[in-house]
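Worksheet for the structure shown next.
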Amino acid sequence: MLYYLFEYLDKTLDVPGTGVFQYITFRSALALMLSLLLSTIYGKRIIRFLQRQQVGETVRELGLAGQNEKAGTPTMGGLIIIFATLVPVVLFAKLHNIYIVLLIVTTLWMGTIGFIDDYIKIFKKDKEGLKGIFKVVGQVGLGLIVGTVLYFSPSVTVRTDTSTSDIFKVPTETVILPAPVEEKSTATTIPFFKNNEFDYAELLAWTGEGYEKWAWLIFIPVVIFIITAVSNGANLTDGIDGLAAGTSAVSVLALGIFTFVSGNIIFSNYLNIMYIPNSGEMTVFIAAFVGSLIGFLWYNSYPASVFMGDTGSLTIGGIIAVLAIAVRKEMLIPLLCGIFLVENLSVVLQVSYFKYTKKRFGEGRRIFLMSPLHHHYQKKGYHESKIVTRFWIVAIMLAILSIVTLKLR
């Protein structure tokens with residue numbers, strides 16, 4: 001909203017200094033600072049409200065150290081993240097930008113699913129919360145919306161010919177260059193490969209001429225799968241104080257670098273990467289999101305004063321998935337969100353191996369002392385703070401390696 005006000009003041013009334021709002025970096029800095037203030041200052045008020053409503057965590061008996069002390073700690077703290085993200089975005093972002101619209105829809109959609117799940121757990125006294133099938137339906141629904149918009153919207157285009165624009169060369173003679181082409185495409189980026197662009201449509205090349213028009217049959221299911229997988233991965237990671245919020249902040253910050261360079265013709269030309277027009281605006285959303293996550297850590301670090309609940313974890317996973325897909329970096333998710341991946345895999349391996357050994361030997365056996373993986377280390381006697389800090393360090397290493405893929409091919 002403020003963006004449009006200052007745009008009017010600059011272009012219509014020519015008020016000095018108002019043109020600074022045109023810069024993504026300036027608006028991102030404001031969004032980051034405001035989200036930090038909102039999450040830290042108003043976060044306390046939200047926690048008190050949750051306490052008054054007796055929105056306390058019901059702790060399952062898992063035999064973990066310090067578990068009983070967490071009983072009654074307010075949950076649904078994801079409301080802090082959502083509030084502190086959306087307010088700066090509404091104030092400082094271009095609300096007509098298709099990517100911003102998708103991210104706002106994602107935040108509200110996944111936040112609603114998580115809120116319903118937490119509500120059932122707390123007020124209906126059902127520890128299972130929202131039925132798994134309804135969660136999946138909600139995630140698939142969001143995937144359909146995001147995939148359909150990204151595929152069919154004329155506002156979503158890419159340019160893969162940035163190296164031909166020669167914007168860094170000093171002209172020595174008058175040369176008429178062909179106009180840059182912005183096109184609809186389902187192309188994405190494969191990390192660590194020199195010619196690292198891959199088009200999902202090519203998977204249908206065997207069908208013959210005109211196969212490109214059927215690319216949505218591949219692209220939309222891929223989007224659905226990624227959103228479902230990443231949101232569930234974030235949900236599983238939310239098990240001990242500060243783990244999900246901290247590792248997510250690192251991953252989102254790395255995605256912020258990708259969105260900024262991909263949405264800037266100069267940087268995309270220099271790095272020889274795909275230029276995605278208008279995608280740089282997502283940097284404002286990311287700045288607000290990172291600020292809200294860091295501010296939330298003020299209350300969620302050990303010992304936690306509030307838990308994010310599914311309201312927060314599902315929202316975080318959904319946002320990360322949509323960001324990665326929009327900036328054509330979804331194939332980096334296993335690396336960038338490696339913590340989510342190993343947490344997911346630990347559960348899958350544990351359950352699968354237990355069922356297999358029970359069927360074969362009559363007695364279920366386990367790979368880990370407990371899954372997800374962070375509970376395994378708790379069972380081994382590591383303190384929560386040590387586990388979280390080491391997971392953060394791993395997340396930072398993975399984020400740096402992901403950023404390096406911009407040139408390491």
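The figures that follow rest on heavy atoms only: side chains count, while hydrogens, waters and symmetry mates do not. Residues: numbered from 1 along the sequence shown. The shown structure was predicted, so the numbers you read here are calculated from the model rather than taken from an experiment.
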[atom1]/[X]: more than 12 non-hydrogen atoms of other groups inside 6.0 Å:
X: Y8; atom1: OH; result: no
X: F192; atom1: CZ; result: yes
X: K359; atom1: NZ; result: no
X: F361; atom1: CZ; result: yes
X: F193; atom1: CZ; result: no

Can you confirm whether the side chains of [X] and [Y] place a donor and an acceptor under 3.5 Å from each other?
X: S292; Y: T85; value: yes
X: D118; Y: T311; value: yes
X: S231; Y: Q139; value: yes
X: R360; Y: Y356; value: yes
X: T283; Y: T259; value: yes

Less than 4.5 Å apart, any side-chain heavy atom of [X] and any of [Y]?
X: L150; Y: I98; answer: no
X: V306; Y: T75; answer: no
X: H383; Y: Q378; answer: no
X: K135; Y: N235; answer: yes
X: I81; Y: F289; answer: yes
X: T405; Y: F258; answer: yes
X: F296; Y: T40; answer: no
X: I273; Y: S262; answer: yes

Compare every heavy atom of [Y] with every heavy atom of [X], then report the nearest pair and how far apart it is.
X: A215; Y: A201; answer: CB-CB, 3.6 Å
X: L36; Y: G295; answer: CD2-N, 3.8 Å
X: L297; Y: W392; answer: CD2-CZ2, 4.0 Å
X: S346; Y: L373; answer: OG-N, 3.1 Å
X: S39; Y: G291; answer: OG-O, 3.6 Å
X: P221; Y: W216; answer: CD-O, 3.6 Å

Pair E128-K121, salt bridge (Lys or Arg N to Asp or Glu O under 4.0 Å): steps then yes or no: CA-CA 7 Å; E128 297 301 321; K121 288 178 181 176; over 6 Å; no
Find out whether the Lys NZ or Arg CZ of R366 is both under 6.0 angstrom from the six-membered ring centre of F368 and within 45° of the ring's axis. no
Under-4.0 Å salt bridge between R328 and E197: no
Ring-plane angle category for [X] and [Y], please: parallel below 30°, perpendicular beyond 60°, tilted otherwise.
X: Y119; Y: F123; value: tilted
X: F21; Y: F6; value: parallel
X: F267; Y: F260; value: tilted

Is the gap between the ring centers of Y382 and H374 under 6.0 Å? no
Between F92 and Y3, is the ring centre distance below 6.0 Å? no
Expected output: side-chain Q350 to main-chain I367 donor-acceptor under 3.5 Å: yes
With E343 via salt bridge (charged side-chain N to carboxylate O under 4.0 Å, His left out) - residues at least two apart: none
Please step through side chain to side chain contact (heavy atoms under 4.5 Å, CB included) for the pair D310 and T315, ending with a clear verdict. CA-CA 8 Å; D310 282 17; T315 302; over 6 Å; no
